[in-house]
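Just the heavy atoms: all of them, side chains too, but no hydrogens, waters or symmetry mates, feed the values below. Source: prediction; values computed, not measured. Both ligands and their constituent atoms are indexed starting at 1 by order of listing.
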Amino acid sequence: MTIKTAFGFGLVFLALAACDQTAEPPAATEEPAAATEEVEVAANDAVEMIDIAPMQVGDASLAEGPGLQVYVDACASCHEGQVAKAPHRAMLNIMSPESVYRALTEGVMVENAEFLSDEEKIHVSEYLTGLRMGEASETTLLMCEAGDWFDADAAPQTTNWGLKEDNTRFIDGDVADLTADDLDNLELKWAFAYPDAVRARSQPTIAAGAIFVGSHNGMVFALDRASGCVHWTFQASAEVRTGIAIDPWDAGDTEADPQLHFGDLLGNVYAIKARTGELVWRDRPDDHPSATITGTPSLHNGKLYVPISSLEVTPAADPRYECCTFRGSVVAYDATGGAKLWQSFTIEEEPTLQRQNSAGTDNYGPSGAPIWNSPTIDVVRNQLIVGTGENYSSPATLTSDALIAFDLDTGEMNWAFQATPNDVWNTACDSDRPANCPVEDGPDFDFGASTMLATSASGRDLALGGQKSGVAHALDPETGEVVWQNQVGRGGVQGGIHFGMAAGNGVLFVPVSDFPDGQTYPEPARPGLYAVDLDSGEITWSSPSVDVCDGRPFCHPGISGAITASPGLVYAGGMDGVLRIHDSASGDVLWEHDTTQEVTAVDGTVASGGTIGGGAAPVVMDGHLYVSSGYGIYGHMPGRVLLVFGPAEAAE
Ligand code: HEC
C-alpha cells in the first residue's frame, strides 16, 4: 500500500503503509492493496515457489520492470520475512534507491549480489524503492576547511533526546539564553539542505562547536555550528530517524574522545567517534526481520539503552504473511565497547502458533508492544521507563499501550501500567484483505511520546505519559499507579498526543495532533497546544491551532512532532510547517516562522521544509534555535532543511 508520487521538484511519499510503527498507519485516503500475484522463482537453489505480493509504488513501470525478476531470482529467498536479520522487503521499500544500490556494491549485500551486473543492481534498487536512481534531490556538500574544529570547552549540556535524563524536554534558562524579549530580534542565520531526502526526523545535538544530526538517506553529519559547513559525514545503512546521543565530558578536557550513539531504520545501532565520524561498533540487537529503531537510545553512566520497534504491522497486510512474531524490547549495552548487557521484552512469552487465518496461513501470538520512544532514566529509582504500542496479533497482553519500568541494571520489569486493554491491530485491518486482522481490531492507541519524570508545584514526583488516544496520564513512578488522567485531545491513529510533550515548573505542555484519519470519534478534533497543572491535572490554558493551510496539499493544523520548553517559552513545530514560540504562561503565540518557504542553503541549494514531525523537535541553546523541517511520509508535507535562528545583530 505504499504510494509514492512525484510532487513539485522533490518527491513526496503520499502515504506510506510501510510505516515504521503502528504509530502511523496509512492515511485513510490511501488506495487499497492490489490483488496478489505469484511469481515463479527461477533460481536454481532449494527455493520452490515464493509468493511475491506486488510492490505498491507510484511508478508502476518500476514495480513490473526488469527489477522484479532480479529480486525474485536473487533476493526474495531471504527478504520475504524468512531469514532472521534480513530486513523485510517492506523496509527496503522505504529506503532510497541509492542506499539499496550502495548495500549491493559496497555494503553488507556485496556477496549476495556479486553475480549481478551493474544494470541489474540498478534495476533491483529501483524496483524495491519505486524510485529512479538520481531522482531524489541533489545537493553538493559544503565541506569545512581541514583543521582541529573540536571545541573541548563546549561540553554537551545534555546527552539524551529528552534534553535531560528525565525526558522533560525542558531547557534551563542559562543554557537556552532566550527570553520573550529576544524574539523580535530572532532571525534565520543559515540553512542546511539534507541531500537526497524528503523528511528530516532526527533531532540535532549541539556540542563541541558542532551540530550532530542524522538524515533520511542514512547520512549522519557533523556540521559547523556557526557556519553550517560539514566537518565529516558517516553513512549508516538506512534512514537515521533517531536523534544522536552523545557521551558527556568535562568542559576543557582536550583529551576527550566522546562517541555518538544512534539507530537506523533497519534496526542497526551504532557508536561512532564525535571527532571523526569513525565507526567504533555496530550491532543489530534484535534478530527479527522487521525490527527497527525510531526512539533515540538513552545514555546513562556509560550504558546505552536502545528501544526496539518494528515494521511488522506492514507485511501483516499480506494474507500469506505468518503474522506476527515481533516483540518490543529494550536492549542495554556497554556504550563504549558495545558489549550487549541485557535485552528485556515487553511481552515475556514467546509467540506460538494460534490459528490459521482465512487464507490458511499460520498466525502466531502474542506479539507487538513495540517501543518507539526514548527511554526515560529514573535515577532515583534506578529504573528506566518506556511506553509501548499495541499488540499485532491475538492474544492481547497486559503490556501493550502501556508504560513499563525496567530495572537499569538487570532489565527486570518493575511495573507496567496498561492504558488501553485489548488493543490488537495491524495494517490488515485497514486493507481489503483482512485475513491477518485480529478479532480485537483495536484502535491503535500507542504511547508514542517519551515518558517524562517531573515534579508538581506541591513537590509530588510524577511519571507523565502521552497517548495517541489524546489522554495525558500521570502515574506514581514508584508503583505505576494512576494519579490523574486527562483527555486533552480527541485522539487518533496519528495522535492525539503523538511524539513528545514537555514539562517544567509544575506545568505539563501537551501538543495535540488530532490528524484526520478517516475514523469517527465521539468528540470533535481539537488540535493545538495545552497547558496542564501537574497537581490537579486540569487544563490551565489552551492555544487552539488556527488553520493557515489554505487548502495546500498535506498541510494540516495541529502538532504531531515533539515540543520543547524553556523558562517562559514553549517551542512547537506544526503539521502546517510553522514553527511557533508560545508564552508558557498564557499560550499566546509570540513568534512564528513558516519553514515551508524556500531558502538558499549554505551550499547554494534552494530547498524548503515541510511538516515538522517525528522526534525532530526544536532545540534552543545560547540564544540560538535549531529545527529540522520536512515530513514526507504518512500524508504530510515533504521537506529537507535544518534551520538555525539567532540574534540579528550577532555578526557570524
Ligand atoms: C541469503 C540471504 C540473502 C539474500 C539472497 C539477499 N539478502 Fe539482503 N540481507 C540479508 C541479510 C541477512 C541482511 C542483514 C545483514 C546485516 O544487517 O548484517 C540483508 C540486508 C540487506 C539490505 C540492508 C543493507 C544494510 O546496509 O543494512 C539490503 C538493502 C538488502 N539486503 C538488499 C538485498 C538485495 C537487493 C538482494 C538481491 C540482490 C539481497 N539483499 C539478497 C540476506 C540476504
How does [X] reach ligand 1, by side chain, by backbone, by both or by neither, if only non-hydrogen atoms under 4.0 Å count?
X      : value
Leu104 : side chain
His79  : side chain
Ser237 : both

With sequence neighbours left out, write down each residue that passes ring-ring contact (aromatic ring centres under 6.0 Å, His included) with Tyr626, or none if nothing qualifies.
none

With the threshold set at under 4.0 angstrom, would you say Asp264 reaches ligand 1 through any of its heavy atoms?
no

Output the list of atoms in ligand 1 that are nearer than 4.0 Å to some heavy atom of [X], sorted by atom number.
X      : answer
Ala74  : 5 (C), 37 (C), 38 (C), 41 (C)
Leu128 : 35 (C)
Ala103 : 24 (C), 29 (C)
Cys78  : 1 (C), 2 (C), 3 (C), 4 (C), 5 (C), 42 (C), 43 (C)
Leu116 : 38 (C)

Check ion pair Arg640-Asp196 (N to O, under 4.0 angstrom):
no

If you measure from the Lys or Arg side-chain nitrogens to the Asp or Glu carboxylate oxygens, is any gap between Glu239 and Arg199 under 4.0 Å?
yes

Partner set under side-chain contact (heavy atoms from CB on, under 4.5 Å) for Glu348, not counting sequence neighbours:
Met413

Could you check whether any side-chain heavy atom of Ile122 comes within less than 4.5 Å of a side-chain heavy atom of Glu119, counting everything from C-beta outward?
no

Kindly indicate whether the side chain of Pro351, heavy atoms from C-beta on, has any atom under 4.5 Å from the side chain of Arg327.
yes

Taking N, O or S atoms only and a limit of 2.8 Å, check whether Met109 reaches atom 8 (Fe) of ligand 1.
yes

Between Ile293 and Val269, does a side chain to side chain contact (heavy atoms under 4.5 Å, CB included) hold up when you go through it step by step?
CA-CA 8 Å; Ile293 302 175; Val269 55; 4.1 Å; yes

